[in-house]
Engineer: 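Can you keep this structure in mind? I'll have questions shortly.
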Amino acid sequence: MPLSRDSAMNTAKVLSEALPYLQRFVGKTIVVKYGGNAMIDEDLKNSFARDMVMLKLIGINPIVVHGGGPQIGDLLNKLNIESKFVNGMRVTTGETMDVVEMVLGGLVNKDIVNLINQNGGKAIGLTGKDGQLLHAKKLHVTKSSPELEKPEIIDIGHVGEVSRINTQVLDMLTNSDFIPVIAPIGVGEDGASYNINADLVAGKVAEVLRAEKLILLTNIAGLMDKEGKVLTGLSTKQVDDLIADGTIYGGMLPKIQCALDAVHAGVTSAHIIDGRVAHSTLLELFTDEGVGTLITNRRS
Ligand SMILES: Nc1ncnc2c1ncn2[C@@H]1O[C@H](COP(=O)(O)OP(=O)(O)O)[C@@H](O)[C@H]1O
Ligand SMILES: CC(=O)N[C@@H](CCC(=O)OP(=O)(O)O)C(=O)O
């Protein structure tokens, strides 16, 4: 159907507004974390895949790291295995680890790869085991509470943190115009599997690649205060205060931590944006308004 004159003018205006951003981002790496909670329906997943194809086509280098927490939860539920979290991290027994690896490395990873390829892109799916992309070590979690004299160390099983990234694998793929799609499973020195929070993987990948941006797509409009107002441009100190008073909790904890670590390590900016809004990545990258919560390297 031909565009009406108004609609065509609007398209031209949007494209023109995007020009300075295109000039700024072409040739740069953007790490996009696609949270499991933002994979709500097929239309939304498809628009995400189209956005990645479009970025690649215009000369930006997208690297996708995906989650899949709710999808893991669904299968655990069907298997009558309870889901438990400490500080936003899933308590992962050996049995749970098998399910995590099946869901993230299998179902979710291949779904995203397939959608990108169906939309004309060239995606390759990897877990951290492929090419030993993500070396991991056990994550030690501490929990503090007013009732405890000192912070308690809690063993949450096969949960890891990234110790090293084999960037050679990513360079090889991106140099050949592939879009890497990474499932957050790490491999230990002894070959053991580790379940790693996807936000933490995305942050570390952005750090080692010195990405221009780290974009975290989630199921909420951004980081919010207690009244539900989206907060942006916060300093490290303000974030620390929001954690201490309980405004930031659960799944937002690893998100905000990895965003801060990434910008302190040289990533220009990190963004927590609403993945339930179609094309939110493009809105963030190419419009004057931007969306969600912006985090830059501001300490005070
Ligand atoms: N201050 C906050 N602002 C916004 N969301 C918050 C905040 N503190 C905790 N949250 C929670 O964090 C969730 C996002 O984390 P998570 O569910 O792990 O998402 P994802 O699957 O995208 O990683 C939000 O849906 C919300 O419930
Ligand atoms: C250790 C840990 O919590 N790992 C996560 C990995 C998936 C993930 O991070 O998914 P989302 O981004 O969709 O939350 C988990 O098991 O749920």
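Whatever order the structure lists ligands and atoms in, that order sets their numbers, starting from 1.
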Engineer: Among all protein heavy atoms, pick out the one at the shortest distance from atom 3 (N) of ligand 1; state its residue, atom name and that distance to 0.1 Å.
Structural biologist: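 Here the nearest protein heavy atom works out to M224 N, 2.9 Å.
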Engineer: Report the part of K33 in contact with ligand 1, treating N, CA, C, O as backbone and CB onward as side chain, heavy atoms under 4.0 Å; options are side chain, backbone, both, neither.
Structural biologist: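 Contact part for K33 vs ligand 1: side chain (C-beta onward).
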Engineer: Considering non-hydrogen atoms only, spot the tightest contact between I60 and F25 and give its length.
Structural biologist: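 Where I60 meets F25 most closely, the heavy atoms are CG1-O, 3.5 Å.
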Engineer: Check D74 with K78, please: is the shortest side-chain N to carboxylate O separation under 4.0 Å?
Structural biologist: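 No, K78 and D74 are not salt-bridged.
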Engineer: To check you understand the geometry: which heavy-atom pair defines the closest contact between D199 and G251, and what is its length?
Structural biologist: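 Closest approach of D199 to G251: OD2-O, 4.0 Å.
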Engineer: Of all the non-hydrogen atoms in the protein, which one sits nearest to atom 1 (N) of ligand 1, and at what distance?
Structural biologist: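 Heavy-atom neighbour on the protein nearest atom 1 (N) of ligand 1: T247 O, 2.8 Å.
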Engineer: I would like to know whether K255 and I272 meet side chain to side chain contact (heavy atoms under 4.5 Å, CB included); could you show each step before the answer?
Structural biologist: CA-CA 8 Å; K255 227 174 275 306; I272 298 172; 4.1 Å; yes
Engineer: To the nearest 0.1 Å, how far is atom 12 (O) of ligand 1 from its closest protein heavy atom, and which atom is that?
Structural biologist: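 Protein heavy atom with the smallest distance to atom 12 (O) of ligand 1: M252 N, 3.4 Å.
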Engineer: Within a distance under 4.0 Å of any heavy atom of G35, pick out the atoms of ligand 1 and give their elements.
Structural biologist: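 Contacts of ligand 1 toward G35, numbered from 1: 22 (O).
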Engineer: Above 12 or not: heavy atoms from other molecules or residues under 6.0 Å from CG of D6?
Structural biologist: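 Atom CG in D6 is not crowded, with 12 or fewer foreign heavy atoms closer than 6.0 Å.
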Engineer: Can you tell me if G222 has a non-hydrogen atom under 4.0 Å from ligand 1?
Structural biologist: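 Yes, G222 has heavy atoms under 4.0 Å from ligand 1.
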Engineer: If you look at every heavy atom in V26 and I58, which pair is closest and at what distance?
Structural biologist: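 Where V26 meets I58 most closely, the heavy atoms are CG2-O, 3.4 Å.
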Engineer: Can you tell which of N219, T293, N37 gets a heavy atom nearest to atom 21 (O) of ligand 1?
Structural biologist: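 Comparing heavy atoms across N219, T293, N37, the nearest one to atom 21 (O) of ligand 1 lies in N37.
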Engineer: Does the distance from a Lys or Arg side-chain N to an Asp or Glu carboxylate O, for K213 and E284, drop under 4.0 Å?
Structural biologist: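 So K213 pairs with E284 through a salt bridge.
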Engineer: Within the structure provided, determine whether T29 and I63 are in side-chain contact (heavy-atom separation under 4.5 Å).
Structural biologist: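 Yes, their side chains come closer than 4.5 Å.
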Engineer: Under a 4.0 Å heavy-atom limit, does L223 contact ligand 1 with its side chain, its backbone, both, or neither?
Structural biologist: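 Within the 4.0 Å criterion, L223 contacts ligand 1 through backbone and side-chain atoms alike.
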Engineer: For the atom pair NZ (K33) and NE2 (H66), what is the distance rounded to the nearest 0.5 Å?
Structural biologist: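 K33 atom NZ to H66 atom NE2 measures 10.5 Å (nearest 0.5 Å).
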Engineer: Name all pairs fulfilling the side chain to side chain donor-acceptor pair (under 3.5 Å) condition that reach into residues 85-106, sequence neighbours left out, sorted by first residue then second.
Structural biologist: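 Found S83-R90, T92-N195, T93-T96, E101-K129, E101-S193.
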Engineer: Let's go through K237 and D241 carefully: what are the C-alpha distance in whole Å and the side-chain angles of both, what is the deciding distance for salt bridge (charged side-chain N to carboxylate O under 4.0 Å, His left out) to 0.1 Å, and is it a yes or a no?
Structural biologist: CA-CA 6 Å; K237 162 87 177 67; D241 291 347; 2.7 Å; yes
Engineer: Let me know which protein residues bring a heavy atom to under 4.0 Å of ligand 2; chain then number is fine for ordering.
Structural biologist: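 The 4.0 Å shell around ligand 2 contains K33, G35, G36, G67, G68, G69, P70, I72, G88, M89, R90, V159, N195, I196, N197, A198.
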Engineer: Any idea which protein heavy atom is nearest atom 26 (C) of ligand 1, and the distance to it?
Structural biologist: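 The answer is I220 CD1, 4.0 Å.
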Engineer: Note the single closest protein heavy atom to atom 20 (P) of ligand 1, along with its residue, its atom name and the distance in Å.
Structural biologist: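 Minimum-distance protein heavy atom for atom 20 (P) of ligand 1 reads K255 NZ, 3.4 Å.
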Engineer: Can you report which non-hydrogen protein atom sits closest to atom 19 (O) of ligand 1, along with the distance?
Structural biologist: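 Looking only at protein heavy atoms, the one closest to atom 19 (O) of ligand 1 is T218 OG1, 3.2 Å.
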Engineer: Looking at atom 18 (O) of ligand 1, what's its closest protein heavy atom, distance included?
Structural biologist: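 Protein heavy atom with the smallest distance to atom 18 (O) of ligand 1: G251 CA, 3.3 Å.
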Engineer: Starting from atom 9 (C) of ligand 1, find the nearest protein heavy-atom neighbour and note its residue, name and distance.
Structural biologist: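 Here the closest protein heavy atom is Y249 O, 3.0 Å.
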Engineer: Classify the ring geometry of F48 against Y34: parallel below 30°, tilted from 30° to 60°, perpendicular beyond 60°.
Structural biologist: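 Aromatic pair F48/Y34 classed parallel.
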